[in-house]
Structure formats: C-alpha cells, structure tokens
Amino acid sequence: MVFALARLTGDPAPLVLPTEATAKDMQFFRQQYGLDRSLPEQYLIFLGNVLRGDFGVSFRYREPAIGFVMAGLGPTLRLTGLAMLLAVGIGFGLGILAAVARSPWVDRAVNLYASFGQAVPSFWLGLMLVILFSINLPWLPSSGHGTAWHYVLPVLTLSIFASASITRLTRANMAEAMQADFVHMERVLGLPEVRIVLRHALRNASLPIVTYLGLQFGLLIGGAIVTERVFAWPGLGQIIVDAILHRDYPVIQATVLVTAVMFMLINLTVDVLCMVLDPRLRA
Amino acid sequence: MKSRALKSTVRQLALGAAVALIFASAASNPLHAQSKSSLTVALGADLVSVDPQKLVSGIDHSFFANVFESLFANDAEGNLVPALAVSVTVSTDGLVHEFMLRPNVKWHNGDAFTAEDVRFTWQRSIDPEIKNPRASVVAAKIRDVEIVDPLRVRIHLKQPDASLHENMVTYFYMAPKKLIERIGNDEYGKAPVGTGPFRFAERKAREFTRLAAFEGHWGRVPKVSEVVLKVVADDQTRMAQIQTGESDIVTSVPLVFGARMQGAKDFKIVRVPSFGNAFMVINNRGNNPDLKKPEVRRAFNMAINRETLAKALTFGFATLHESPCTPGMIGCDIKFADAYKYDPAAARALLTNAGFHFNRSIKVVGPATGRVTQGKETVEGVAQFLNAAGIKTTIEILEYGTWATTAFAKEKDPSIDLYLLSAPDANRDSGPRQLRTLKTGEAMSFYSDAALDEELTKLGTTPTLAAYEDQSRRVFRLIHDQSAVIPLWAYDSIYAVRSNVKYEPFKYITWPILWYAEKAAK
C-alpha cells in the first residue's frame with residue numbers, strides 16, 4: 001500500500017534533481033532508478049529486493065535507505081522513550097492523586113492539566129518553551145542534540161501531551177478500583193493506605209492503562225515528527241518529512257517498515273506486561 | 001516471584017532516572033559555549049552531499065564553497081575572479097580554453113594540486129557510476145581535458161560556451177585524483193578533501209558538519225579556527241538560535257523575522273541581493289487564445305503594481321525587476337524606454353483594443369507558501385491587481401511537489417494561463433533560466449515563439465563573453481518586447497549576524513562564504 005501511495009504523489013525527478021536539470025537529465029534519473037518501468041514491474045523488483053534485505057538507495061542522499069533510516073531510529077527512541085517515562089510518571093502521579101485525594105479542588109486542577117495537555121498543539125507548546133526557557137530565561141538550549149540538556153525541552157513537550165490522557169485514564173480506573181470490595185476489606189484489615197493504593201488498587205487499575213500506554217507510545221513516535229522539527233532533533237521524524245517532501249520513495253518505504261516493526265514490538269511488550277500483571281491472562 | 005520482578009523493574013527505572021539526572025547536572029550547559037575562534041552557522045536544511053561531484057541541493061554550496069575550489073571564484077561584489085587558475089586564454093572559435101593553474105596549491109591532505117586533478121575532476125563528473133546530477137551544466141559540455149604540463153590544461157568544448165567560467169565556480173569543484181584512486185569513491189564521500197580555506201573535520205547527519213581552518217591555503221587563511229554548520233530546519237527555532245547566541249550567523253532568515261528584528265540589540269539583520277527571482281510565466285500555448293497577443297501580455301504587465309506588491313510581500317527585502325533579469329547579471333544593464341509602467345486604465349484600454357475577452361477567467365497558478373517564499377500571497381496579489389483592471393481571475397495554489405511536477409511536465413496543462421515560477425539563477429548568467437522557462441518545449445517552458453527560440457539557441461553557442469553579453473541583451477529585449485513573462489522581483493538573501501561577529505555576505509551568493517568572517521570575544 002505504501003509502495004502505491006508513494007507513487008501516487010507523482011514523479012520524484014523534479015523534486016530530487018536541481019532546477020538546472022534538463023529533460024534529458026530527468027529521463028536519465030528515471031532510468032537509473034527504474035522509475036521508467038511499469039508500476040507492477042517496479043513492485044516485483046521492489047519485493048525481490050526486500051526479500052534480499054535491500055530497500056533500495058535514497059534518491060536524494062544516494063545512500064542505502066535502510067541504513068539511513070536506522071541512523072534516525074536511535075535519537076527518536078531515546079526521545080520518545082524518555083518522554084514516555086516522564087508521561088507515565090506525571091500521568092500515574094496526578095491520576096492517583098485525583099482518585100485518592102477526594103478533594104474537588106485537586107480533581108479540578110488535575111482535570112485542568114489533562115485538558116490543557118490534550119488541547120495544546122505540540123509545535124506551539126515547543127515554541128513557547130523555547131521562548132521561555134531559552135530566550136527569556138537563558139537556561140536551556142533552544143534546539144539540537146548532543147548533551148543531556150538538549151533532551152529537556154523536547155521531552156517535556158512530548159510528555160505533556162501523552163501524560164494528559166494517561167492522567168485521565170489513571171484517575172478513572174483508580175477511582176473505580178478504590179471503590180472495589182477488596183479495598184474496603186484491606187482497610188478493615190488495617191493495611192496501610194499507601195500499600196492499598198500502590199500495591200493493590202493500582203495493580204488492578206493498571207491493566208487497561210498498560211494497554212493504552214502501548215497505543216500512546218505509538219502516538220508519541222508519530223507526534224515526534226513535529227517535535228523533532230521544532231527542536232532540530234535528528235530522528236525519524238525529520239527523515240520522513242524530508243523524504244515525503246522530496247518523494248524519496250525508498251526512504252518512505254523503509255521508514256514505514258521500521259515504524260511498523262516498532263509498533264509490533266511495542267504491542268508484544270504490552271501483551272507480555274499484561275500477562276505479568278494479570279495471571280488470568282496466562283491461562 | 002512476580003512481585004520481585006516488579007520491584008526489580010521499578011528499581012531499575014528509578015536507577016535509570018537517577019543516572020539521567022546526574023548526567024544532566026554534570027553535562028555542561030551548551031548555551032553560549034562556543035569559543036571565540038569557533039563560528040556556528042545555522043542552516044535551514046542539512047547538506048545532501050559532501051562529495052563535490054554529487055552536488056544535489058543548493059544548501060550543499062554552504063559546504064562546498066568553503067571546502068572546495070574551482071578554477072574561478074566570485075568576489076564580494078559577485079565578479080568572477082581567478083581561484084585555482086591564474087589566467088585563461090580562449091581560442092577565437094571559443095572551443096579551446098587554456099588555463100594556467102595556480103602554483104603551490106595543496107590539497108588538505110598535503111598532496112599538490114596539478115593538471116592531473118583537473119582532468120580527473122572532469123572524468124569523475126561525467127562518470128555514470130557517480131550519477132552527478134549537475135553533469136550537464138559544465139562537464140557534459142567538455143569534449144576533452146588535455147594536460148599540457150603539470151600547471152597547464154586545455155579544455156576542449158563540444159561547442160562554444162561563453163558562460164563556462166561563470167558556471168565553473170559552482171559546478172566544477174576540483175577533486176583530488178591521487179587520493180580518490182587510493183581510497184575509492186565511497187571512502188572519499190565520507191571524508192572529502194578539497195583545496196578550500198576550510199577542511200572537512202566531522203559530520204553528523206541531520207545535526208552538524210564541522211570544518212577546521214586550513215592553514216596551508218594558498219591565500220585565504222580563515223580568521224576563525226573552526227566553523228560548525230548546524231542544521232535547524234524550523235524558521236522560528238533558527239531565529240531562536242541567534243537570539244540566544246547559540247549560533248553566530250543564521251542563514252535564510254524568513255522575511256517576516258527580517259523585518260521584525262531589524263532593531264535587535266545583540267544581532268543585526270544583514271541583506272544582500274540575490275538571484276532568487278520570482279516571475280509569472282505566461283502560457284501562450286494553452287486554451288486561452290488571448291494570451292497569444294503581445295498587447296494582452298503587455299497589458300497584464302501594466303496592470304500590476306510591482307512596487308506596492310513587493311513592499312507588501314517582501315517587506316522591502318527584494319530587488320524589483322523591470323526586465324526579465326536581475327541587475328548585476330550578464331547583459332542586464334539594458335534600460336527599456338518603454339518599461340512597464342503601472343497604469344490600470346491604460347492596461348484596460350489596451351485589452352479592449354486587442355479584443356480581450358473580459359468575461360473569460362484567467363487561471364493564475366502558484367505554489368503554497370513555504371519552500372517557495374510568499375508563493376500563495378504573490379499569486380493572490382497578482383490576481384488582485386488583474387481584477388482591479390477588470391480581468392477576471394481564478395486562483396489555484398498547489399502543494400510544492402505538485403507545483404514542481406506541473407512546471408516540469410512534458411505536456412503543460414493548457415488550462416493554466418499564468419504560472420508563478422521561482423527558478424533561481426545559479427550565477428550572473430541568466431541564460432540557462434531563460435532557456436528553461438521560455439524556449440519552446442524546454443523543461444519549464446509554457447511559452448513558444450520562433451524568434452525567441454532562435455535567439456535563445458544562439459545564446460548557447462556564443463563564443464566570447466562580450467558576444468554573450470550582447471546576445472543576452474538581445475534576448476532580454478525580445479522577452480520585453482513580446483511581454484513573454486511578468487517579471488516581479490529577486491528576493492534578497494537575509495542573514496542574522498551576532499554583534500561580535502564581523503561578516504558581510506557576498507552579493508548574489510545565497511550561501512555563506514566564511515573564510516573572512518571574524519569573531520570577537522563577547
């Protein structure tokens with residue numbers, strides 16, 4: 001499908017070649033990359049090459065597409081992984097707080113944060129953070145990659161969006177779990193409240209949250225496209241945007257494949273985690 | 001057992017977070033961390049290639065123009081000056097160009113630059129294995145490169161080409177024969193070696209490319225010890241780089257920032273004219289027979305107030321075009337007594353006399369704003385002025401890729417009447433652009449006229465520069481007389497430069513040339 005969709009966007013020659021290129025240069029380019037052949041023919045060649053682990057050469061960078069994409073995978077995984085950790089920390093913390101505090105003010109404040117996090121576009125939030133923490137208060141680098149300081153703003157930008165929905169879900173599930181009979185029983189037995197909340201109620205409430213975290217991680221990888229551009233982060237997001245803008249089919253195909261494999265791995269991890277949390281699923 | 005596993009995971013996460021925090025606090029804050037002798041330049045895109053024979057994108061010149069050299073170069077005013085050649089003689093038929101090469105020029109690895117390298121560069125430029133996307137500009141026009149002695153070469157052309165030397169500046173960067181034959185093309189592409197004032201030091205794709213000053217240069221020893229070409233694609237973030245001091249120079253400053261930040265305290269906005277033009281081509285081969293009439297095309301030109309439009313859309317960061325070329329280009333010293341004067345009433349009268357069909361809508365097409373500066377706004381502005389003269393218009397804004405594909409389509413869409421093009425001239429020679437955009441059947445041409453085709457063909461085979469200038473003037477005159485295009489303007493190149501940096505960009509060059517840039521302590 002990606003193969004066909006990419007080709008529907010049109011001829012890459014005018015976007016890859018310089019404006020000085022003549023009609024002859026363009027024809028030569030198409031021949032070099034097999035773009036002058038029929039679509040079914042191109043597809044069969046593509047499939048044959050993929051089976052041999054060859055995803056083709058980037059039209060623009062003249063490098064093997066898969067190697068090019070893999071080079072961007074590390075920075076994206078580090079960014080989204082840290083953002084996910086922070087989002088889980090914030091989401092679980094605020095969600096549990098709202099569920100157990102039984103204070104309308106706390107509940108409203110947490111809801112306000114969740115609404116803000118979900119409503120604010122990440123490119124705007126990113127730019128606001130740059131203005132605040134890089135220009136007005138010159139504490140953090142505005143963009144780039146290389147030191148731990150460079151992680152702060154993009155991780156924060158990504159995690160605020162993700163943490164908002166985790167907060168809502170945690171709050172709802174924890175509120176329900178806290179009403180369960182086993183919680184009343186544990187209180188009657190005199191177990192410490194912290195133990196009841198963190199050990200028993202949270203464990204019961206966490207199954208749907210963990211499933212959701214898998215989806216959210218996938219969304220974060222998608223959302224990283226915008227954040228990576230704002231913060232000049234050298235990850236998959238920059239690669240895919242550049243590839244789409246220049247109709248670099250091999251890079252588009254390789255990026256989609258790598259992203260799909262990542263989604264599968266995330267889903268597998270979620271399934272394993274769910275089994276760890278709920279023994280009934282192992283039966 | 002499960003509980004233990006969970007505890008262990010939590011412990012590992014906590015440990016990881018603690019390590020990250022320690023790392024964060026230990027790492028130095030990179031803000032304002034550049035030393036006096038390191039110059040950081042923020043670019044709007046990453047380099048596509050660092051191999052001089054694989055030059056793809058205009059942004060690559062930011063690297064090549066500092067690390068590599070050709071036989072000629074440009075000076076600060078955009079004039080052609082000798083670089084690796086000290087002199088040239090051209091045969092009367094324009095087919096043989098004999099170059100005396102500069103003695104004592106060293107490659108960055110210490111090897112001597114010789115005539116062998118010039119011949120090798122040509123051979124490498126046309127090698128199908130290299131897939132040089134710009135081979136047709138210079139190398140493919142060469143029949144042979146003859147080595148006369150180690151410091152003298154004769155370039156034999158297939159046909160005369162008066163703009164050869166101009167095009168050599170950017171499309172004939174020298175490559176070292178001995179080194180490439182020893183290490184191969186792949187290795188060379190990872191760590192290229194040139195003769196320029198800076199040498200390649202390090203590159204991290206999509207992050208930065210580091211250049212170090214080359215002390216052994218024949219005459220242009222840099223005033224800073226290193227240059228970091230940093231990739232910051234987002235316009236706002238790139239401007240934040242200059243505001244925070246993380247970058248010393250920012251290139252491709254968007255117009256709106258250029259206008260808004262002129263009075264900034266810590267940096268200045270610097271502008272130089274460029275050949276990055278914008279113009280409307282007229283489709284006289286399409287469905288609308290009115291556009292075949294020169295009077296109609298002239299009336300369109302008179303209906304548009306370029307000055308007002310340029311002021312509104314470019315904030316003054318542009319050179320207005322009275323003719324199809326930018327002042328400063330070869331042959332562009334021509335003055336037209338009958339220059340298009342904004343006069344909507346006269347335009348309307350001209351249209352009425354020509355039997356123009358006022359009830360028929362003119363389709364104005366252009367690119368979305370983004371990769372083409374003010375594309376959408378320019379189309380809308382032109383359409384507004386045409387409307388004011390009583391001409392009905394329909395606007396169509398295309399995504400960049402579709403716009404480029406439409407411009408390059410072999411069969412042009414006959415429903416398009418006016419098409420906004422932005423086809424920057426690579427140097428002072430606008431011939432290739434006029435050819436591409438106006439000659440019948442050429443890649444980006446919506447226009448067709450036998451007389452103009454003939455003059456444009458002659459332009460490509462003119463033997464001497466003086467004759468080329470004359471022929472260019474004839475072409476410009478004819479384009480003007482036929483009102484073949486609606487010239488608009490050439491955008492300035494806008495830079496932001498920190499106050500402690502002394503840097504005046506070269507005129508007409510849209511990439512930073514940095515060997516003379518100086519940086520003082522803050």
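As the structure is a prediction and not an experimental result, all values here were calculated from the model. A, B, ... follow the sequence lines: proteins, then strands. Residue 1 opens every chain.
Proximity to chain B (any heavy atom under 4.5 Å) is shown, for A:R60, by both the backbone and the side chain. When heavy atoms are compared at a cutoff of 4.5 Å, B:K410 does not approach chain A at all. With a 4.5 Å cut-off on non-hydrogen atoms, B:A205 touches chain A through its backbone but not through its side chain. B:V231 touches chain A through its backbone: at least one of N, CA, C or O sits under 4.5 Å from a heavy atom, while the side chain does not. Both the backbone and the side chain of B:T405 come within contact range of chain A, each with at least one heavy atom under 4.5 Å from a heavy atom of that chain. Contact of B:R371 with chain A is made through the side chain alone, with heavy-atom distances under 4.5 Å. The contact between B:L47 and chain A is made entirely by backbone atoms, counting heavy-atom distances below 4.5 Å. Using a 4.5 Å cut-off between heavy atoms, A:V230 touches chain B through backbone and side chain atoms alike. Looking at A:I135, the atoms closer than 4.5 Å to chain B (heavy atoms on both sides) sit in the backbone and in the side chain alike. For A:R229, the parts lying near chain B are the backbone and the side chain together; criterion is any non-hydrogen pair under 4.5 Å. Contacts of A:L245 with chain B are made by both backbone and side-chain atoms, with heavy-atom separations under 4.5 Å. For B:F208, no part sits under 4.5 Å from any heavy atom of chain A, backbone or side chain.
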Side chain to side chain contact (heavy atoms under 4.5 Å, CB included) between A:S134 and B:Q243, worked out: CA-CA 9 Å; A:S134 301; B:Q243 289 172 286; over 6 Å; no
From CA spacing to verdict: side chain to side chain contact (heavy atoms under 4.5 Å, CB included), B:T237, A:F231: CA-CA 7 Å; B:T237 318; A:F231 291 100; 5.6 Å; no
Chi angles and distances behind the side chain to side chain contact (heavy atoms under 4.5 Å, CB included) call for A:F68, B:R206: CA-CA 11 Å; A:F68 192 67; B:R206 297 179 300 285; 3.9 Å; yes
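The greatest number of non-hydrogen atom pairs below 4.5 Å with chain A, out of B:K204, B:R238, B:R436, is found for B:R436. Among B:A240, B:A42, B:G441, the residue making the largest number of heavy-atom pairs under 4.5 Å with chain A is B:A240. Between chain A and the residues B:A233, B:A409, B:A407, B:A443, the largest count of heavy-atom pairs under 4.5 Å involves B:A233.
Exactly one residue among A:V130, A:V226, A:L127 makes a side chain to side chain contact (heavy atoms under 4.5 Å, CB included) with B:D234. That residue is A:L127.
A pairwise comparison of heavy atoms in A:S143 and B:Q241 identifies OG-NE2, 2.8 Å as the closest pair. Across every non-hydrogen atom of A:Q32 and B:P128, the tightest pair is NE2-O, 3.9 Å. Shortest non-hydrogen contact noted between B:Y400 and A:L15 is CE2-CD2, 3.5 Å.
The local environment of CE in A:M128 is crowded, with over 12 non-hydrogen atoms from other residues, nucleotides or ligands closer than 6.0 Å.
Applying the ring pair (Phe, Tyr, Trp, His ring centres under 6.0 Å) rule to A:F29 yields the partners A:Y33, A:F59; only residues at least two apart in sequence or on another chain are considered.
The shortest side-chain heavy-atom distance between B:S49 and A:R62 does not fall under the 4.5 Å cut-off.
With rounding to the nearest 0.5 Å, the separation of CD in B:Q236 from OG in A:S142 is 12.0 Å.
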Side chains of residues 234-241 of chain A: which donor-acceptor pairs under 3.5 Å do they make with residues two or more places apart or in other chains?
residue, atom, partner, partner atom, Å
A:Q238, NE2, A:E228, O, 3.4
A:Q238, NE2, A:W233, O, 3.4

